[in-house]
Amino acid sequence: MLSAAQTARLLPPPPLPARDLSAPILLSPPHLTGREIAVLEASLASGWLAPAGPAPRAFEAAFAEATGFAHVLAVASGTAALTLAFRVLDIGPGDEVWVPSFTFIASVAPAVQMGARPRFLDVCPESWTLDPALLAAELWQAARQSRLPKAVVAVDIYGQCAALRAIASLCAGYGVALISDSAEGLGASQSGLPAGRGAQLAAFSFNGNKIITAGGGGALASDDPGLIAHARTLADQARSPAPHYEHTSTGYSFGMSSLMAAVGFAQLAKLGERVAQRRAIFARYQEGLEDLPGISFMPEAPWGRASRWLSAMLIDPAGFGMDADGLRRVLAAEGIETRPAFKPLHMQPVFRDARCIGGSVAEALFARGLCLPSGSGLEQDAQHRVIRAIRAAARG
Ligand SMILES: *Cc1c(COP(=O)(O)O)cnc(C)c1O
């Protein structure tokens with residue numbers, strides 16, 4: 001039994017008063033629904049804590065319902081979901097995996113760890129996601145030279161879906177597997193379908209900064225029951241059904257715990273509301289800033305509806321009077337957290353030997369992009385503080 005003092009040490013400090021004008025404003029903190037404790041309590045009372053029992057299965061069913069995927073596996077993180085996606089596609093040494101350069105490293109890191117060679121492709125300015133025309137040209141070349149990739153990873157960025165319908169039909173035409181890294185896309189749609197639909201496998205993340213959180217966690221989704229069944233086995237140490245431990249392969253301990261599933265279940269119920277809140281935040285930034293010279297906002301691609309998970313903008317230093325990193329520092333000094341746009345993977349030291357097709361769009365996004373505080377719980381007062389600080393920086 002913990003003493004009261006020990007328990008207190010496990011709890012976070014009390015939150016700062018909501019109207020404290022100097023309180024830090026974070027990029028994308030978790031937003032509680034008020035239901036998490038009740039669902040957690042019920043889960044604890046059931047006696048199930050491990051990645052087994054009713055909570056992960058209930059979360060999977062709710063997630064399938066929310067996204068339209070027929071089969072869902074709840075796992076420990078988005079990176080775990082991507083690892084399983086590459087494993088069930090049998091990615092290994094000598095294989096190529098193609099991925100947009102403008103993304104988070106987890107989109108491809110597990111494939112690299114399995115021995116695959118990454119090839120990076122540029123993104124298009126209208127969406128900041130994988131350029132389908134560039135992919136078409138590169139697939140055509142690769143087919144002629146008999147060097148098609150084992151898989152393509154399309155990535156949703158800052159709540160905007162990749163052009164998945166076009167990308168899926170290209171990949172299908174060449175018999176190349178397609179994974180959608182939809183870690184940032186949950187709640188957004190493309191061609192009228194939820195993020196990730198149309199890919200063989202889609203990976204999602206419930207990390208604390210994503211649109212909903214399970215206190216970490218992820219999901220792998222597919223319409224193919226065989227792929228998810230295989231991933232489920234790999235996620236549980238690749239045990240074959242036998243009373244003793246029997247293995248024909250090696251796997252992982254990647255299951256989502258019941259506690260995470262309970263929190264995720266409560267959060268998922270609010271997904272629609274969270275999208276509306278994030279879109280409203282984006283619209284307020286646009287309204288409050290778009291008259292400033294040198295500022296432009298991430299476009300919404302014609303094929304989809306973005307969740308605006310992060311509100312992202314571009315800064316042209318010639319017009320604005322300061323570059324994106326300068327603005328990031330000014331805001332940080334005022335307790336406002338922002339984040340530069342992704343440093344393209346082809347510019348990362350770890351990938352210095354990898355091929356990149358194009359890359360100037362990704363490089364320009366990195367040079368000019370900045371993500372603004374976008375948490376769905378961001379109060380209007382706090383958002384106006386951000387807008388005022390940016391306007392003051394522009395004048396200075
Ligand atoms: C967050 C994220 C991931 C990884 O998810 P984790 O749950 O943090 O492992 C993968 N890809 C992209 C694009 C992400 O934003």
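Sequential numbering from 1 along the given sequence is applied to the chain's residues. Order of appearance sets the numbers: ligands from 1, and atoms from 1 within every ligand.
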- Hey, what's the ring geometry for Tyr158 with Phe342, parallel, tilted or perpendicular (30° and 60° as the breaks)? parallel

Contact table, ligand 1 N/O with protein N/O, distance under 3.5 Å:
residue: ligand 1; atom: 5 (O); partner: Ser205; partner atom: OG; Å: 3.3
residue: ligand 1; atom: 7 (O); partner: Gly78; partner atom: N; Å: 2.8
residue: ligand 1; atom: 7 (O); partner: Ser205; partner atom: OG; Å: 2.7
residue: ligand 1; atom: 8 (O); partner: Asn207; partner atom: ND2; Å: 2.9
residue: ligand 1; atom: 9 (O); partner: Gly78; partner atom: N; Å: 3.3
residue: ligand 1; atom: 9 (O); partner: Thr79; partner atom: N; Å: 2.8
residue: ligand 1; atom: 9 (O); partner: Thr79; partner atom: OG1; Å: 2.5
residue: ligand 1; atom: 11 (N); partner: Asp181; partner atom: OD1; Å: 3.3
residue: ligand 1; atom: 11 (N); partner: Asp181; partner atom: OD2; Å: 2.7
residue: ligand 1; atom: 15 (O); partner: Glu184; partner atom: OE2; Å: 2.5
residue: ligand 1; atom: 15 (O); partner: Lys210; partner atom: NZ; Å: 3.3

- Is Arg368 salt-bridged to Asp316, going by a charged N under 4.0 Å from an acidic O? yes

- Query: Can a salt bridge be assigned to the pair Glu60 and Arg232 using a cut-off of 4.0 Å between side-chain N and carboxylate O?
  - Reply: yes

- Determine, using ring centers only, whether Phe282 and Phe297 are less than 6.0 Å apart. yes

- Message: Go through it in stages, so that I can follow the logic: the residues are Ser360 and Asp122, the test is side chain to side chain contact (heavy atoms under 4.5 Å, CB included), and I'd like the CA-CA distance, side-chain angles, deciding distance and then a yes or no.
- Response: CA-CA 7 Å; Ser360 58; Asp122 209 348; 4.1 Å; yes

- Task: Taking all heavy atoms of Leu178 and all of Gly198, pick out the closest pair and write down the distance.
- Result: CD2-O, 4.5 Å

